[in-house]
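Encoded as structure tokens, the structure appears first; notes follow it.
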Amino acid sequence: MAGAKIKPVESLKGHWTKTQLADRQEVQNNLQKNYDSIDETVPEELHGYARKEWQKIVPLLKKETPASNLDRSQLINYCVLAQTVHTCQKYILQDGLCVMTSQGTKKINPYFNMQDKAIKNMRAIASDFGLNISSRAKLENQKVKQQDPEDPFADFLEDDAG
């Protein structure tokens with residue numbers, strides 16, 4: 001998962017078996033050697049707000065996650081969607097939530113529906129990269145669980161002591 005920050009094996013806390021540590025080291029090595037770190041260069045197709053969004057999130061992802069160039073197209077999509085939300089908001093503010101039809105009746109502004117779809121798609125991508133609070137909380141929860149692996153004998157020993 002792109003949103004998960006990988007702790008170096010040497011900084012792990014808790015009781016880890018040699019097998020667990022070896023597995024973690026292998027994952028860490030594979031992420032480093034098999035996947036190029038994401039290139040921060042702004043893609044040519046991004047302009048305006050999408051470009052600003054790229055410049056804001058990619059350095060953070062590069063620092064905090066194993067995001068790679070394989071994730072680049074998904075991040076471009078995220079930034080284009082951010083541009084769409086931004087542009088739709090301008091038109092909604094300009095024209096209002098409702099617009100008049102040619103028949104003289106009010107209907108919901110079509111930009112509102114486009115913005116709503118873009119926000120939903122952004123939310124799905126954001127979750128993959130840990131860009132929203134709930135996905136970050138899940139990632140932090142995973143880190144805590146990784147620090148203190150559950151001891152399968154703890155319950156047995158507690159029951160036996162009582």
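Along the sequence shown, the residues carry numbers beginning at 1. Worth saying up front: this structure is predicted, and the values here are computed from it rather than measured.
A side-chain donor-acceptor contact under 3.5 Å links N69 to the backbone of D39.
Cluster annotation: I57 and M122 are assigned to the same hydrophobic cluster (Ile/Leu/Val/Met/Phe/Trp/Tyr, side-chain heavy-atom contacts under 4.5 Å, transitive). The same ILVMFWY cluster, assembled from side-chain heavy atoms under 4.5 Å apart, contains both V42 and V80. With hydrophobic clusters built from ILVMFWY side chains whose heavy atoms lie under 4.5 angstrom apart, L81 shares a cluster with V85.
Nearest heavy-atom pair across L46 and R51 is O-NH1, 3.2 Å.
Qualifying side-chain hydrogen bond (donor to acceptor under 3.5 Å, both in side chains) partners for S73, counting only residues two or more places apart in sequence or in other chains: none. Here K56 pairs with E53 under the side-chain hydrogen bond (donor to acceptor under 3.5 Å, both in side chains) rule; sequence neighbours left out. Remark: E40 pairs with no residue by the side-chain hydrogen bond (donor to acceptor under 3.5 Å, both in side chains) rule, at least two apart or across chains. Qualifying side-chain contact (heavy atoms from CB on, under 4.5 Å) partners for D116, counting only residues two or more places apart in sequence or in other chains: K120. Checked against side-chain hydrogen bond (donor to acceptor under 3.5 Å, both in side chains), E44 has no partners two or more places apart in sequence or in another chain. Qualifying side-chain contact (heavy atoms from CB on, under 4.5 Å) partners for E45, counting only residues two or more places apart in sequence or in other chains: P43, I76.
The CD atom of Q74 sits 11.0 Å away from the SG atom of C79 when rounded to the nearest 0.5 Å. Rounded to the nearest 0.5 angstrom, I92 CD1 and C98 SG are separated by 11.0 Å. Distance check, rounded to the nearest 0.5 Å: CD1 of I38 to CG of L75 gives 4.5 Å.
The side-chain hydrogen bond (donor to acceptor under 3.5 Å, both in side chains) analysis of residues 83-99, with sequence neighbours excluded, yields the pairs Q83-T87, Q89-Q115. For the ring pair (Phe, Tyr, Trp, His ring centres under 6.0 Å) condition, no pair includes a residue of residues 63-85, sequence neighbours left out.
By the neighbour-count criterion of 12 heavy atoms within 6.0 Å, atom NZ of K62 is densely surrounded, having more than that number from other residues, nucleotides or ligands.
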Between side-chain atoms of residues 107-114 and protein atoms elsewhere (two or more places apart, or another chain), which donor-acceptor pairs fall under 3.5 Å?
residue : atom : partner : partner atom : Å
N109    : OD1  : Y111    : N            : 3.0
N109    : ND2  : G96     : O            : 2.8

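Within the hydrophobic cluster formed by Ile, Leu, Val, Met, Phe, Trp and Tyr side chains joined at under 4.5 Å, directly or through other members, M100 stands alone, with no partner residue. Through direct or indirect side-chain contacts shorter than 4.5 Å among Ile, Leu, Val, Met, Phe, Trp and Tyr, L60 is connected to no other residue.
Taking 4.5 Å as the limit, some side-chain heavy atom of L131 sits within range of a side-chain heavy atom of L61.
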